[in-house]
Structure formats: C-alpha cells, structure tokens
Trainee: 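Structure provided below as structure tokens; questions to follow.
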Amino acid sequence: MIDRQDGANDPLLAPLNEQQRAVVCAPQGLARLVLAGPGSGKTRTLVHRVAQLMRTGVPAERILLVTFTNKAAREMMARCEQLCGSSAWSLMGGTFHGLAAKILRQYGSALGLDPEFRILDRADTEDQLRAAVNDLGLDLRRDGLPRVRTLCRMFSASVQRELDLGATIDLRWPQYHHHLGLIQTIGARFVERKQEAGVLDFDDLLVGWSLLADPPASAEPAVHQTSQALRERFVEVLVDEYQDTNAIQGRIADHMASIGNGLTVVGDDCQGIYGFRGADAQNLVGFQQRFDAAERLLLTANYRSTPEILSLANLSIAHNRTQLEKMLEPERTSLGLPPWVVQCKDREEEARFVVTRARELQASGIPWSEIAVLYRSHALSTEVQVELAKQSIPFVVRSGVRFFEQAHVKDVLAFGRATMGDEFALRRVLLLYPGVGPVSVRGALERASVDDRFGQMAKTASGISRRGLEQAADVLAGMIERSADGPSAQLAFLVDHYRQAFVQRFDDSNQRSEDLEELIRFAQGFETMNQLFADLPVVDQTTRNGDSGPALVLSSIHQSKGLEWKRVFVLSLVEGHLPHAASFAEVDGVDEERRLFYVAITRAADELYLTYAQRAGHGRVQTPSRFLSELMVDTEPPFTMVRPSFS
DNA sequence: AGGACGGCACTTTTT
DNA sequence: GTGCCGTCCT
C-alpha cells in the first residue's frame with residue numbers, strides 16, 4: 001500500500017499537490033464529490049486515480065469513466081495508457097451516449113434490443129418524426145402544430161429532464177398546451193417507428209441505459225438480473241463534468257453505484273453551460289444530500305492562468321448567485337500583462353485586429369496551435385475565417401457542421417445505407433439526380449428493392465426522371481456487387497461516380513474530394529456497412545483536420561471546455577452575442593451565459609483579448625456586453641481598454 | 001396539371 | 001445547408 005502522505009518517489013503521487021493526492025488516494029467503494037475549478041489539474045487527478053485503482057488491483061474493465069466529450073475520453077484513455085501501459089486498453093471510458101451504446105449492445109437483449117441496432121443522428125431522428133407525422137395523416141402547418149424541430153425538442157426535453165410531456169410543454173411551450181393530446185399521439189407513433197426500424201436516437205440510448213441501471217419494479221426478471229450483473233461489473237465509477245449532467249444522466253450515475261460501488265463525481269457549478277440540454281446543477285449541488293456519507297473535496301489551486309486572468313474570472317462569476325463558494329487561487333506569477341478589452345469600429349476591424357495580432361504573436365515565438373479564437377456562436381467566426389484565409393494563416397475550425405453531417409459526406413453515406421434498404425437514404429440518393437423530384441421518388445420507392453438491385457425502380461419510370469433513376473440503380477447495383485470487398489471498397493467505387501456527377505458542382509470541390517478520400521480511409525476500419533453506420537453519430541469526429549501541421553484554433557466556447565491555450569481571443573463581447581439574445585427570456589439564461597464567459601476566459605494561460613465591435617454589419621450600434629460593463633462599476637476594472645493598433 | 005427547381009427565410013450552444 | 005413556396009417547364 002502506498003502511504004497517502006509520502007509520495008515523493010512515487011510516479012503516481014509525486015507530480016500531485018495535497019488536494020489532488022487526497023482525491024487519488026481516497027478509499028474505494030464510497031461516494032464523493034470533487035469540486036474542481038478550471039486549470040486545477042482535474043484531468044490529471046482523474047487519470048492518476050484510475051492508475052491508482054488499477055495499481056491496487058482493480059481490473060481496468062471494472063472501472064467506468066464517464067466524460068463529457070469523446071475528445072476528453074480519448075485524451076484520458078491516452079494518458080492512462082501512458083501511466084499504466086496496455087492494461088489501460090480495456091478501461092471502459094466514453095461519453096454517456098457512447099457508453100450507453102456499448103453497454104446496450106452487450107447487455108441490451110434483456111430489453112429486447114437487437115445488438116446490431118443503428119444509432120440515429122439528429123437528421124435521422126427528424127426524418128423518423130416527420131414520417132410519424134405523415135403516418136398519422138397530419139399536416140403540421142395546417143393543424144397548427146409545432147414544427148418537426150420543435151417536436152423533437154419537446155420529446156427530448158421530456159426525456160432528459162424526466163418530466164412528463166404535459167409538464168414539459170406547459171413549462172417551455174405553453175402555447176401548445178391545447179395540442180398535448182395530439183403531440184402525445186405523434187410521440188407514440190414516433191417511438192413505435194423507431195422500434196420497428198430497430199434504431200435508437202440519442203435519448204433512447206440514455207433511456208435504455210437507465211432501464212438497466214435503475215429498472216422499474218415492474219420490469220421483467222431478466223431485466224433485473226442483467227441490471228444486477230451490469231452494476232456488479234463496475235466497482236468504481238468516475239464521472240467528469242458532473243455539473244453538466246441532466247436528470248436522466250444523474251439517475252444513471254447514481255444507480256450505477258447503488259450496490260456498494262465507488263462513485264467519484266467531479267465538477268464545477270461555475271462551468272455549467274449545458275442547461276439547454278437539460279443539465280441540472282442540482283445533481284451536483286444536491287449530491288451530498290443524496291449520498292449522506294459523501295465527502296467533499298476541493299481542487300482550487302490554478303496552474304493554468306496568470307493572476308490577472310484569474311482575478312477577472314473570479315470578479316465576473318461573483319455576479320452569479322452560485323451555491324458553492326470556490327475562489328480560484330493562482331499558482332503562477334504575473335507576467336505583467338493585463339487582460340485587454342479591444343474596442344473596434346466594426347466587425348471587419350475586429351477580425352483584422354485578431355488576425356494581425358495573432359500573426360505578431362506567432363512571429364514572436366508563440367506557435368499557431370497555442371493561439372485560439374473563441375466565440376459564442378459559429379456564425380461569429382466567418383469574418384475571422386475570411387481574414388485568416390486572406391493572410392494565408394493555417395487554422396482549424398472546431399464548431400459548426402460536423403464531418404459526418406456535411407452534405408457531400410451524407411450523400412455518399414446515403415448510398416451505402418440505401419444498399420441496405422434504408423428508404424430515407426434511398427430518397428436522398430434519388431433526389432440528387434437532375435430530373436428526379438419528390439413525386440418520381442415516391443413512385444420509385446414503391447418499386448425499389450435491394451433484392452433485384454433496384455432494377456424495377458427505373459424500368460417503369462417515365463419521361464424526364466428515367467435517366468436519373470437508371471443511373472442511381474446502376475451505381476447502387478455496382479455497390480451491392482462489391483459487398484464482399486467491404487465498405488471501404490464499395491465507397492471507393494461509389495465516390496468515383498459521385499465525384500464526376502456531383503462534387504464538381506461545389507465551389508470548394510477540392511476540399512470535398514479530400515473529405516471523401518478521408519471517408520474511404522475511415523471505412524477501412526469496418527467489415528460491413530452495418531458496422532460502419534451503427535455508431536457513427538456517437539464516434540469521435542474531432543480527429544478530423546487534426547494532423548496537417550500546427551494551426552490556429554477557432555472554436556465555439558462550448559467546444560473549448562477543458563482545453564487551454566497560451567493566448568486566447570474572445571470575439572464579439574456585445575449584448576445579444578454574449579450574452580446571446582435567446583438567453584434573455586430563459587430562466588437562469590443570463591447566468592448561464594456568464595458561466596460561458598467564465599469558461600472562455602479561463603481557457604487563457606498567459607494573455608487574454610476580449611474584443612467587440614461598436615457597429616454591426618449594417619451600421620447598427622452594438623452595446624458592449626454587460627459582462628464587461630458590470631465590472632467597471634465602482635472599482636478599477638480588471639482589464640485594460642485599448643483600440644486596435646496595426647503596426 | 002403535375003412536377004422540377006430556383007429563390008427565400010432560419011440556424012445558440014452539443015451528444 | 002435545409003425546408004418551404006412561387007414560378008416555369010413539360
């Protein structure tokens with residue numbers, strides 16, 4: 001056994017401070033809450049705890065490590081591997097959704113799930129819902145019902161917050177109160193459709209896992225048995241970013257540790273920024289009430305940022321009524337650099353300032369990859385992107401559409417899914433061809449079948465759509481012929497055709513062609529089309545654009561959580577952007593925006609630039625963010641105001 | 001008249 | 001980039 005106090009020569013304990021060691025060496029089998037401020041070495045502490053558990057004899061496959069993003073999971077697994085070697089490979093780590101997928105494929109048969117189920121992304125989910133509406137002969141517009149997008153949000157909110165649909169609607173969409181009955185009917189058909197198709201959306205994953213983690217008394221005996229086996233498997237459960245868990249995730253975590261397993265939850269109520277996804281800080285704040293023997297540990301020493309940056313962060317977050325007191329204490333010494341607030345004339349000048357300054361920083365020895373530009377919403381990044389391109393600066397964008405959600409990637413994947421009999425995918429494929437519209441598609445779908453390799457589909461079509469349908473049938477048949485060669489070869493065959501027929505139409509066809517090559521490479525890891533598609537929506541998509549040399553990072557604030565850079569720019573500190581206008585009407589809305597601001601500024605290690613434009617595109621005057629002005633009352637502001645200077 | 005297609009709003013944040 | 005609507009072509 002390793003002594004808790006004396007770790008001077010121990011590689012697991014030597015690099016840690018007292019607070020961190022207390023977490024790493026805390027006894028097994030208990031519940032505990034760790035409050036960890038930004039930059040406090042939280043990831044390192046978690047990784048070392050995992051290593052410590054393994055060293056004391058807990059097998060890796062009996063440790064469950066829940067993180068918030070796939071990226072975080074990947075990083076933690078890599079660091080565990082560094083510390084523990086290959087024995088860390090069998091660690092069970094990932095996001096709630098990714099882990100739910102793994103667990104349900106392995107343990108879901110008790111729930112009647114086919115282990116080959118496919119996971120729906122948001123677009124797939126909306127397709128299913130739209131189809132459910134059509135099944136019922138409803139017309140959303142005519143019948144005064146919410147749009148498909150909104151219906152999805154209603155069902156999702158109800159699952160994530162564990163509120164019944166009526167309460168959910170009354171709370172957030174009271175204008176649809178009188179339609180509750182109809183919306184419930186749609187929901188029932190929606191659920192039925194997904195079950196018939198053997199597919200699960202993001203919420204179904206959580207519901208499935210929760211049924212195993214915490215089965216209702218009325219569940220079949222087989223479910224209770226599986227539940228027991230599942231919970232006995234994991235002797236230690238660790239949950240990162242716990243403040244961002246919603247009701248159902250909180251219940252899953254609680255119950256995975258309900259039979260004497262250890263549960264370590266790590267979080268920071270000041271960094272809760274997923275309220276829109278139903279995240280409920282009560283999970284964290286009320287943790288000790290739910291587990292009355294739970295001890296509470298603190299990580300408050302900040303190793304990341306200068307005292308000036310931390311002081312700004314502490315002063316800002318003090319404007320929130322946070323329940324848990326926790327001041328960040330700087331470990332670093334001052335570099336003599338105040339946070340800058342840069343007042344620009346317009347968006348264009350703002351972009352020019354950021355890019356010019358970034359360039360100077362790089363020239364002075366800061367690598368591109370140590371500079372980040374953060375913003376509240378993706379659209380705010382366009383001016384900077386244009387300016388970066390103009391000045392030929394390498395950059396990566398970590399916001400906006402995901403790789404697998406781009407039109408050309410979705411097109412190509414749709415061909416693959418069409419060969420497996422997916423009607424939604426076939427529809428998308430056929431609509432690509434000139435002369436083929438919704439009506440000829442409807443006819444074609446009635447005659448289409450994978451078995452005759454779509455031959456009938458085109459044969460009876462008349463007139464203008466025939467040529468397109470024939471082409472589609474040919475290429476789909478070609479793909480089916482190559483089934484034995486594996487999905488990568490099938491996609492390579494298809495991409496030849498697709499590139500000639502369609503990619504040339506895009507004005508950035510080169511980039512898109514490269515993406516398709518990337519996709520073919522990605523598919524090499526899979527033996528069948530089915531496997532390729534099964535987990536696509538929950539796999540890590542951040543490996544994209546990762547390895548083409550050092551690059552400046554553009555990121556939404558949400559995506560930046562957990563990361564750090566030497567120099568950070570935060571764009572558009574104006575009312576309506578940060579805080580975002582949509583937050584004004586929401587309960588806790590502006591407080592959540594302030595936490596977002598807090599997350600953004602605590603990403604910066606050495607130097608922070610907060611920029612804003614006095615005028616928007618069409619000359620409209622913009623008001624500086626309240627997150628700046630509220631810091632200027634009475635006291636000396638914790639930042640220095642400047643105007644851009646171009647040297 | 002049926003069907004394709006170009007032009008129009010709308011897009012906060014993410015698994 | 002998608003969904004919806006009006007217009008134009010067959």
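Atom set for the values below is all heavy atoms of this structure, side chains included, hydrogens, waters and symmetry mates excluded. Since this is a predicted model, take the numbers as computed values, not measurements. Every chain is numbered from 1, with letters handed out A, B, ... down the list of sequences.
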Trainee: What's the closest nucleotide to the A:Arg428 side chain, out of B:dT15, C:dT2, B:dG3?
Mentor: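 Selected nucleotide (nearest to the side chain): C:dT2.
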Trainee: Using the C1' atom as the point on both nucleotides, what is the distance between B:dT13 and C:dG3, in whole Å?
Mentor: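 Pairwise C1' distance, C:dG3 against B:dT13, rounds to 22 Å.
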Trainee: Is the NZ or CZ atom of A:Arg277 positioned over A:Tyr274's six-membered ring, under 6.0 angstrom from the centre and within 45° of the axis?
Mentor: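 Yes, a cation-pi geometry.
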Trainee: Measure CZ/A:Arg442 against P/B:dA4 and give the value in whole Å, please.
Mentor: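 Whole-Å distance recorded here is 10 Å.
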Trainee: Within 45 degrees of the axis of the six-membered ring of A:Phe424 and under 6.0 Å from its centre: does A:Arg417 put its NZ or CZ there?
Mentor: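 No; the conditions do not both hold, so A:Arg417 does not lie above the ring face of A:Phe424.
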Trainee: How are the rings of A:Tyr433 and A:Phe415 set relative to one another: parallel (under 30°), tilted (30 to 60°) or perpendicular (over 60°)?
Mentor: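 Correct class here is perpendicular.
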Trainee: Does one side chain, of A:Ser381 or A:Gln385, offer a donor that lies under 3.5 Å from an acceptor on the other?
Mentor: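 Yes.
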Trainee: Could you state the atom-to-atom distance from CZ of A:Phe276 to C1' of B:dT11 in whole Å?
Mentor: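 It is 14 Å, rounded to the nearest whole Å.
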Trainee: Please tell me which of the listed nucleotides, B:dT15, B:dC5, B:dA4, lies nearest to the side chain of A:Ser440?
Mentor: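 Looking only at heavy atoms from C-beta outward on A:Ser440, the closest nucleotide is B:dA4.
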Trainee: How is A:Gly435 classified with respect to the nucleic acid when contacts are heavy atoms under 4.0 Å: base, sugar-phosphate, or nothing?
Mentor: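 Sugar-phosphate contact only - A:Gly435 comes under 4.0 Å of backbone atoms but never of a base.
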Trainee: In whole Å, what is the span from the CD atom of A:Gln249 to the P atom of B:dT15?
Mentor: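 It works out to 12 Å between those atoms.
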Trainee: How many Å lie between CG on A:Leu200 and P on B:dT15, as a whole number?
Mentor: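 So the two atoms are 18 Å apart, to the nearest Å.
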